[in-house]
Enquirer: 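Structure below; questions to follow.
Chain A is the first sequence line, chain B the second, and so forth, proteins listed ahead of strands; every chain is numbered from 1.
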Amino acid sequence: MASQSVLTPQAEDFPRWYQDVVAKAEMADNGPVRGTMVIRPYGYAIWERIQSEIDARIKDAGAQNAYFPLFIPQSYLSKEAEHVEGFSPELAVVTHAGGEELAEPIVVRPTSETVIGEFMAKWIQSYRDLPLLLNQWANVVRWELRPRLFLRSSEFLWQEGHTAHATQEDASDYAMKIHLEVYNDFLNKVLAVPTFLGIKSTRERFAGATNTMTCEGMMRDGKALQMATSHELGQNFAKAFDIYYQSEEGQAALCYTTSWGSSTRLVGGLIMAHGDDNGLVLPPHVAPTQAVVIAVRDEPEVNAACEKIVASLKAAGVRVVLDRGRGSFGRRVTDWEIKGVPLRIEVGPRDLAQGIVTVVRRDNSEKVALGIDAVSDEAPILLETIQRELFQSALDRRDANTCDVASVPEAINVAQTGFARLSWDLIGPSEEAELNNQGLTIRCLQRMDGSIPASELENDLLCIIAKAY
RNA sequence: CGGGAAGUAGCGCAGCUUGGUUAGCGCGCCUGGUUUGGGACCAGGAGGCCGCGGGUUCGAAUCCCGCCUUCCCGACCA
């Protein structure tokens, strides 16, 4: 019996495919309030893998975790003009509590620059207290008009880093360090997503920042997704919240601050960067389950062999589960495929008769026969191969769908299905408006060699133009 | 928030135009049996405030009004 598609094919309707995957892989459901999301155990397990990888990198970069309150006095937001202007439309505000109208409305945090700024001012006395490097894992609320599970929900989970430094150079260097050593490293090595790194144009910049850096990934439909951002906030928030320190010379000086974040949107990006018509495709480094051992039949000898294999894989450090043969084989295979488990190890009587197992890769459906005793040695190697090849094929796909163009009309044409790269000199306010009218945005500005510029005023910059999520 | 479509069992849908007694179908789920190398089959069974609220009517899934939610397209965004 030929396997028939259980999901809407990507080519037929990509957004529908995405929803099908989220539902059928049991990742998330819509919550009862518009824009809210219930993350199911499988989706949350993926998020936990993402969290632990990012958290370890953040700690390596020297930042410490802390926790700040969900509720923020509305007056805090107002202290930074651009910040309040940028976030006002999407704020959820508490006006009543304890059965009474509040004297000052309370905002549900859309991000925590303001509260954290308030406490940085309190904690920072001297240059010896700098740099102050903080991070928090939290939920935030931004009222979304057009929500989509993981990609854009009104409440989402994220990490937000907030740091204070004595000099602009130090702040700038640290934001860059986070951007490269935490975000880009994580995206490349764990999610296997190649990125375009760059800065945002003034129009796309974070509200209150002096500079915003982004990691832009390409999804399988050719659209761009901002997967992490790092901001230099200059002295904007330091001024608003009086974040001063006393220098070695005894002078009072304003700090420079940064902030940087990545969210549950990464789960959506993961789905769309690698998924295919059979469902999710998880890179082994982020897969909660890296291998499933499938007992083709529910028979004592088969089950015993499976259990031995599972034990040997666990000992080899592979995250593995056992699927004992209840229900039809085809059904079980399909279910594991939808969930994107990288390796399927099929064990049946025919295999055992030959002393082998059949190992199938999720990413390319390649099958290999391995001796039973070789599985625990070979599986970790195969997983690394899959991780590497997934990144490579994502990179090939991205490069094949990225074109250098010489004019705005050409860019508009190319960006219907991929990324257009164009000289930044050719873009003025009217050109950017024209692109926006066509449903396109400038995803980032970068140098000719792909590195991150210090500002949009540098000479010879390129911009990446695409449709975006 | 503007334009469009839609909400009937866990999921996908029919029924509504032309109001009328027990609201159907497929998949899934439960029980028993036969099965199991790419979504198995047979038999039996459970499961519904027909999105919510109001109105019209002797009578509403069906007609009218309001609201909520979802999807698509725009404007906004991690």
Side-chain angles (χ1 to χ4, degrees), chain A residues 1-8 13-16 18-20 23-24 26 29-36 85-91 110-111 138-160 183 200 203-207 212 214-217 224-231 259-269 278-279 294-299 302 323-338 344 346-354 356-358 360 365 367 369 433 436-439 441 467-469:
Chain A
M1 206 170 306
S3 78
Q4 57 183 12
S5 171
V6 59
L7 305 168
T8 305
D13 185 343
F14 196 85
R16 184 79 187 267
Y18 177 83
Q19 287 168 232
D20 284 355
K24 299 243 165 84
E26 301 179 334
D29 269 334
N30 284 306
V33 173
R34 179 181 170 78
T36 59
E85 191 187 329
F87 279 108
S88 288
E90 38 186 346
L91 292 181
T111 177
N139 58 339
V140 285
V141 169
R142 298 179 186 179
W143 218 249
E144 286 298 341
L145 304 177
R146 199 177 156 193
R148 301 188 65 184
L149 288 172
F150 291 115
L151 297 173
R152 205 186 299 102
S153 47
S154 286
E155 179 192 5
F156 58 90
L157 306 182
W158 76 344
Q159 79 33 238
E160 50 178 321
Y183 297 141
K200 288 292 186 183
R203 191 183 173 286
E204 305 273 337
R205 191 185 284 161
F206 176 75
T212 289
T214 179
C215 297
E216 296 286 324
L225 182 72
Q226 177 174 304
M227 301 189 77
T229 49
S230 311
H231 316 289
S259 69
W260 23 280
S262 61
S263 71
T264 36
R265 166 177 275 193
L266 287 169
V267 179
N278 293 325
I294 301 184
V296 173
R297 288 164 188 264
D298 190 14
E299 296 170 0
V302 174
D323 179 0
R324 284 176 63 143
R326 300 271 179 202
S328 80
F329 176 75
R331 175 52 185 260
R332 291 184 284 143
V333 164
T334 309
D335 285 345
W336 290 113
E337 275 181 341
I338 291 172
R344 204 163 70 233
E346 302 174 359
V347 184
R350 294 210 298 257
D351 297 302
L352 294 181
Q354 301 172 66
I356 60 161
V357 296
T358 305
V360 189
S365 301
K367 287 189 185 185
N436 292 351
N437 285 338
Q438 300 287 324
T441 50
K467 288 188 182 175
Y469 279 97

Enquirer: May I ask you to verify whether the side chain of A/Arg344 and the base of B/G38 hold a donor-acceptor pair under 3.5 Å?
Expert: yes

Enquirer: Looking at A/Arg34 and A/Leu145, what are the two nearest heavy atoms and their distance?
Expert: NH2-O, 2.6 Å

Enquirer: Would you mind pulling out the nucleotide paired to B/U62, Watson-Crick or G-U wobble, both distances under 3.5 Å?
Expert: none

Enquirer: Starting at CG of A/Leu149 and ending at C1' of B/A78, how long is that distance when rounded to a whole Å?
Expert: 15 Å

Enquirer: Say you pick atom P in B/G15 and the same atom in B/A9; how far apart are they, in whole Å?
Expert: 15 Å

Enquirer: If the test is side-chain hydrogen bond (donor to acceptor under 3.5 Å, both in side chains), which one of A/Glu204, A/His231, A/Arg205, A/Gln226 qualifies with A/Thr212?
Expert: A/His231

Enquirer: With P as the reference atom in both, quote the distance from B/G54 to B/A61 in angstrom, rounded to an integer.
Expert: 14 Å

Enquirer: If the C1' atom of B/G66 is compared with that of B/G28, how far apart are they to the nearest Å?
Expert: 36 Å

Enquirer: Counting side-chain heavy atoms from C-beta on, which of B/A78, B/U70, B/G37 comes nearest to A/Arg142?
Expert: B/A78

Enquirer: To the nearest Å, give me how far apart OH (A/Tyr469) and P (B/C73) are.
Expert: 9 Å

Enquirer: Please state the P separation for the pair B/C11 and B/C50 - nearest whole angstrom.
Expert: 15 Å

Enquirer: Report the base-pairing partner of B/C67 (Watson-Crick or G-U wobble, both distances below 3.5 angstrom), or none.
Expert: B/G51

Enquirer: Assess whether side chain to side chain contact (heavy atoms under 4.5 Å, CB included) is satisfied between A/Trp158 and A/Arg265, documenting all intermediate values.
Expert: CA-CA 9 Å; A/Trp158 76 344; A/Arg265 166 177 275 193; over 6 Å; no

Enquirer: Given the C1' atoms of B/A6 and B/C67, what is the spacing between them in whole Å?
Expert: 16 Å

Enquirer: Considering heavy-atom distances to RNA chain B, does A/Asn437 or A/Gln226 have its closest nucleotide positioned more toward the 5' end?
Expert: A/Asn437

Enquirer: It should be established whether A/Arg146 places a side-chain nitrogen or oxygen under 4.0 Å from OP1 or OP2 of nucleotide B/C73.
Expert: yes

Enquirer: May I ask you to say what A/Gly261 touches in the nucleic acid, namely base, sugar-phosphate or nothing, with a heavy-atom cut-off under 4.0 Å?
Expert: nothing

Enquirer: Would you mind telling me which residue lines up with the more 5' stretch of RNA chain B, A/Glu155 or A/Gly35, judged by nearest nucleotide?
Expert: A/Gly35

Enquirer: Rounded to whole Å, please give me the gap between CG in A/Asp20 and C1' in B/C72.
Expert: 15 Å

Enquirer: Assess, by modelled atom type and distance only, whether the side chains of A/Ser262 and A/Gln159 contain a donor and an acceptor separated by less than 3.5 Å.
Expert: yes

Enquirer: Taking OP1 and OP2 of B/U36, is either one under 4.0 Å from a side-chain nitrogen or oxygen of A/Ser328?
Expert: no

Enquirer: Between A/Glu337 and A/Lys24, is there a salt bridge with N-O shorter than 4.0 Å?
Expert: no

Enquirer: Could you check whether A/Ser88 gets within reach of a base, just the sugar-phosphate, or nothing at all, counting any heavy atom under 4.0 Å?
Expert: nothing

Enquirer: Between protein and nucleotides 3-11 of chain B, map the contacts as a letter string: B base, S sugar-phosphate only, - none, heavy atoms under 4.0 Å, written 5' to 3'.
Expert: ---------

Enquirer: According to a strict under-4.0 Å criterion, is A/Arg297 in side-chain N/O contact with OP1 or OP2 of B/U36?
Expert: yes

Enquirer: Classify the nucleic acid contact of A/Gly269 as base, sugar-phosphate or nothing, counting any heavy atom under 4.0 Å across all strands shown.
Expert: nothing

Enquirer: Keeping the roles fixed (side chain from A/Arg16, backbone from A/Leu7), state whether a donor-acceptor pair exists under 3.5 Å.
Expert: no

Enquirer: Output the rounded distance in Å from CZ (A/Phe156) to C1' (B/C77).
Expert: 9 Å

Enquirer: Could you work out the separation of B/C13 and B/C1 based on their C1' atoms and round it to a whole Å?
Expert: 32 Å

Enquirer: Provide, to the nearest angstrom, the distance between the CZ atom belonging to A/Phe329 and the P atom belonging to B/G37.
Expert: 7 Å

Enquirer: Going by side chain to side chain contact (heavy atoms under 4.5 Å, CB included), A/Glu155 matches just one of A/Val141, A/Thr264, A/Val140, A/Val33. Which one?
Expert: A/Val141

Enquirer: Calculate the interatomic distance between A/Leu91 atom CG and B/C76 atom P; express it in whole Å.
Expert: 17 Å

Enquirer: Under a 4.5 Å cut-off applied to non-hydrogen side-chain atoms, are A/Pro110 and A/Glu90 in contact?
Expert: no

Enquirer: Please state the P separation for the pair B/C73 and B/G32 - nearest whole angstrom.
Expert: 47 Å

Enquirer: Counting Watson-Crick and G-U wobble pairs only, both distances under 3.5 Å, name the nucleotide matched with B/C29, or none.
Expert: B/G45

Enquirer: Would you sort out whether A/Met227 and A/Tyr183 count as a side chain to side chain contact (heavy atoms under 4.5 Å, CB included), showing the intermediate values?
Expert: CA-CA 8 Å; A/Met227 301 189 77; A/Tyr183 297 141; over 6 Å; no

Enquirer: Side-chain donor or acceptor of A/Arg152 under 3.5 Å from a matching atom on the base of B/C77?
Expert: yes

Enquirer: Does a nitrogen or oxygen in the side chain of A/Gln19 sit under 4.0 Å from OP1 or OP2 of B/C72?
Expert: yes

Enquirer: Would A/Arg148 and A/Tyr469 count as a cation-pi pair here, with the cationic atom under 6.0 angstrom from the ring centre and within 45° of the axis?
Expert: no

Enquirer: How is A/Glu90 classified with respect to the nucleic acid when contacts are heavy atoms under 4.0 Å: base, sugar-phosphate, or nothing?
Expert: sugar-phosphate

Enquirer: Indicate, with a heavy-atom threshold strictly under 4.0 Å, whether A/Ser262 touches base, sugar-phosphate, or nothing.
Expert: nothing

Enquirer: Can you tell me the pairing partner of B/A40 across any strand shown, Watson-Crick or G-U wobble, with both distances under 3.5 angstrom?
Expert: B/U34

Enquirer: Looking across every strand, which nucleic acid part, if any, lies under 4.0 Å from A/Asn436 by heavy atom: base, sugar-phosphate, or nothing?
Expert: sugar-phosphate

Enquirer: When you check the phosphate oxygens OP1 and OP2 of B/U70, does a side-chain N or O of A/Arg34 lie under 4.0 Å from one of them?
Expert: yes

Enquirer: Contact class for A/Pro349 (heavy atom, under 4.0 Å): base, sugar-phosphate, or nothing?
Expert: base

Enquirer: Return the pairing partner of B/C77 with a 3.5 Å limit on both distances, Watson-Crick or G-U wobble; otherwise return none.
Expert: none

Enquirer: Would you kindly give the CG-to-P distance between A/Asp13 and B/U70, to the nearest whole Å?
Expert: 18 Å

Enquirer: Is any side-chain N or O of A/Arg203 closer than 4.0 Å to OP1 or OP2 of B/C76?
Expert: yes

Enquirer: CZ/A/Phe87 to CH2/A/Trp143 distance, rounded to the nearest 0.5 angstrom?
Expert: 16.0 Å

Enquirer: Among B/G38, B/A78, B/C71, find the nucleotide with the atom closest to the side chain of A/Asn30.
Expert: B/C71

Enquirer: Within the structure shown, what part of the strands sits under 4.0 Å from A/Gly327 by heavy-atom distance: base, sugar-phosphate, or nothing?
Expert: base

Enquirer: Starting at CG of A/Leu145 and ending at C1' of B/C71, how long is that distance when rounded to a whole Å?
Expert: 16 Å

Enquirer: Between B/G37, B/C72, B/G38, spot the one nearest the side chain of A/Pro15, thanks.
Expert: B/C72

Enquirer: With P as the reference atom in both, quote the distance from B/C41 to B/G26 in angstrom, rounded to an integer.
Expert: 13 Å

